[in-house]
There are 2 protein chains.
Amino acid sequence: MIKKSSIAFKKSYEYIRDQILNGELPRGTKLIEEKLAEEIGVSRTPVRESIRRLEQEGLIQQKRVVNPSETDLRNLFQVRILLEGFAARSAAQFLREEDLGELRECVRIGRSGNAEEIMTANERFHDLIVQSTHNPFMIDTIARMHSIIYLFRKTVVYHKRPFLIDEHEQICQAIAEHQGELAERLMQEHLQADLEFCIHLLK
Amino acid sequence: MIKKSSIAFKKSYEYIRDQILNGELPRGTKLIEEKLAEEIGVSRTPVRESIRRLEQEGLIQQKRVVNPSETDLRNLFQVRILLEGFAARSAAQFLREEDLGELRECVRIGRSGNAEEIMTANERFHDLIVQSTHNPFMIDTIARMHSIIYLFRKTVVYHKRPFLIDEHEQICQAIAEHQGELAERLMQEHLQADLEFCIHLLK
DNA sequence: AATATTAATTTTGTATACAAAATATTTAAA
DNA sequence: TTTAAATATTTTGTATACAAAATTAATATT
């Protein structure tokens, strides 16, 4: 089957999404179709579609860049903890040897890399575990949450959370030893700590 | 804050969604913007938007009415079981007395009502439990799954699944007695049975 | 000065036109 | 009769116009 290009839509979707994710469009900003269209160099139609799409993905709410409250974050993490906890348990059972190697590599980079590298490694760590479920529906649901969580990534990178990498290492080990229950619990605690850290920064 | 109407969009969105859910647009059908627009009596623009929305909600995939495979259903239910299982546990802790009454009423109707009433009561049963989480994000995620699952509701109603109401009753009782762990396990088993029944019918 | 009304402006929702892309159909070649 | 190429048709993507709705600014009234 042939892929369709939709270049104007792609361009505007990626532009707006990236502007939101890297903070150039701060949380709470009102998005105006015509302004964006002119800025991007396309008509309103694809911009409109992009906004709607991002609305469905949770990055935009009522034409504004989403601005999650503490409660919103807690709700989000309640679901995230359930799903990624399951994923960790699943990884302990199904993760392939080569992926386990990459998981360890992520931990290593977490200790020795620069800010940019650490951020990428952290994302990769969680992604490897989520992918191990081989459940596209679950992967998609989790990805949707991450796009909101990533709104905070700059803030979180500046204030490095203590023990983050240690926790990753523990999870990694539990997975390597096929201890599903333990991996699940450790992941839950890990994410809970992430949440509290996020909320702490929010104030 | 003032609600906006968007009458053409609302009209076309609801029209298309309902046509899909009640089977008048069978699974796999290709949707053509212009045909639908004329049928509904609006222009292509709101129809387009409706299709995109329904695509995000999972009822449409690549311009066609979604047609889930057995694997798709299993993946979907894996997530559903996690989330609704959690919701049942949560209900055992937090469900208000009046909602428990309604839950019991759903069980009663499940035994004595006609097909239409039973269907509504079943939906309500699950909804009450899901709502007890008071987590809009979780509620929304689950709702999204239900819209796909409801594609099968006609088929499922014709072939009444045995023990369905008994299981509801057991869950209801566990919740009433604040036995969270039990309620969670019963809900998981209940949904697993639902899944197997769905898949059995699919063939 | 604060509040309510009205008017001006911005922004969005919808319809429409047209070109690009995808699909279906016909014709030609093996 | 099958396969390939060319053509015609349908369908989608994008731009644009215009009216409805929402927002903002200005005016009048207390």
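Residue numbering restarts at 1 for every chain, and letters A, B, ... go by the order of the sequence lines. All heavy atoms count here, side chains included; hydrogens, waters and symmetry mates do not.
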Under 4.0 Å: is that the gap between some side-chain N or O of [X] and OP1 or OP2 of [N]?
{"X": "A:R52", "N": "C:dG13", "result": "yes"}
{"X": "A:R48", "N": "C:dG13", "result": "yes"}
{"X": "B:S43", "N": "C:dA15", "result": "yes"}
{"X": "B:K63", "N": "C:dA22", "result": "no"}

Between [N] atom [atom2] and [X] atom [atom1], what is the distance in whole Å?
{"X": "B:R53", "N": "C:dG13", "atom1": "CZ", "atom2": "P", "value": "11 Å"}
{"X": "A:E34", "N": "C:dT11", "atom1": "CD", "atom2": "C1'", "value": "8 Å"}
{"X": "A:I7", "N": "C:dA19", "atom1": "CD1", "atom2": "C1'", "value": "13 Å"}
{"X": "A:Y13", "N": "D:dG13", "atom1": "OH", "atom2": "C1'", "value": "18 Å"}
{"X": "A:E49", "N": "C:dG13", "atom1": "CD", "atom2": "P", "value": "14 Å"}
{"X": "B:L36", "N": "D:dT12", "atom1": "CG", "atom2": "C1'", "value": "14 Å"}
{"X": "B:F9", "N": "C:dT12", "atom1": "CZ", "atom2": "C1'", "value": "14 Å"}
{"X": "A:E38", "N": "D:dT14", "atom1": "CD", "atom2": "C1'", "value": "17 Å"}

State which residue, out of B:T141, B:V130, B:L191, fulfils the side-chain contact (heavy atoms from CB on, under 4.5 Å) condition with B:L83.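 It is B:T141, the one option of B:T141, B:V130, B:L191 that forms the side-chain contact (heavy atoms from CB on, under 4.5 Å) with B:L83.
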
Using only atom types and a distance under 3.5 Å, with no angle test, would you say the side chain of B:E55 pairs donor to acceptor with the backbone of B:K63?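 Between the backbone of B:K63 and the side chain of B:E55 there is a qualifying donor-acceptor contact (under 3.5 Å).
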
Between the main-chain N or O of B:E123 and the side-chain N or O of B:D127, is there a donor-acceptor pair closer than 3.5 Å?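 Checked: no pair found.
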
Answer with base, sugar-phosphate or nothing: what part of the nucleic acid does A:L31 contact at a heavy-atom distance below 4.0 Å?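 A:L31: backbone/sugar contact only, no base atoms under 4.0 Å.
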
Within the structure shown, what part of the strands sits under 4.0 Å from A:K11 by heavy-atom distance: base, sugar-phosphate, or nothing? nothing

Is there a side-chain contact between A:R124 and A:T120, using heavy atoms and a 4.5 Å cut-off? no

Of the nucleotides D:dT12, C:dT12, D:dA15, which one has an atom closest to the side chain of A:E33?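 Comparing D:dT12, C:dT12, D:dA15 against the side chain of A:E33, the answer is C:dT12.
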
Counting side-chain heavy atoms from C-beta on, which of D:dT11, D:dT16, D:dT14 comes nearest to A:R44?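 That would be D:dT16.
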
Cut-off 3.5 Å, side chains only: do A:N22 and A:E24 have a donor facing an acceptor?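 A pair is found: one side chain offers a donor N or O, the other an acceptor, under 3.5 Å apart.
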
Toward the 5' end of DNA chain C, by each residue's nearest nucleotide, B:T45 or B:K30: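 The residue whose closest nucleotide sits nearer the 5' end is B:T45.
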
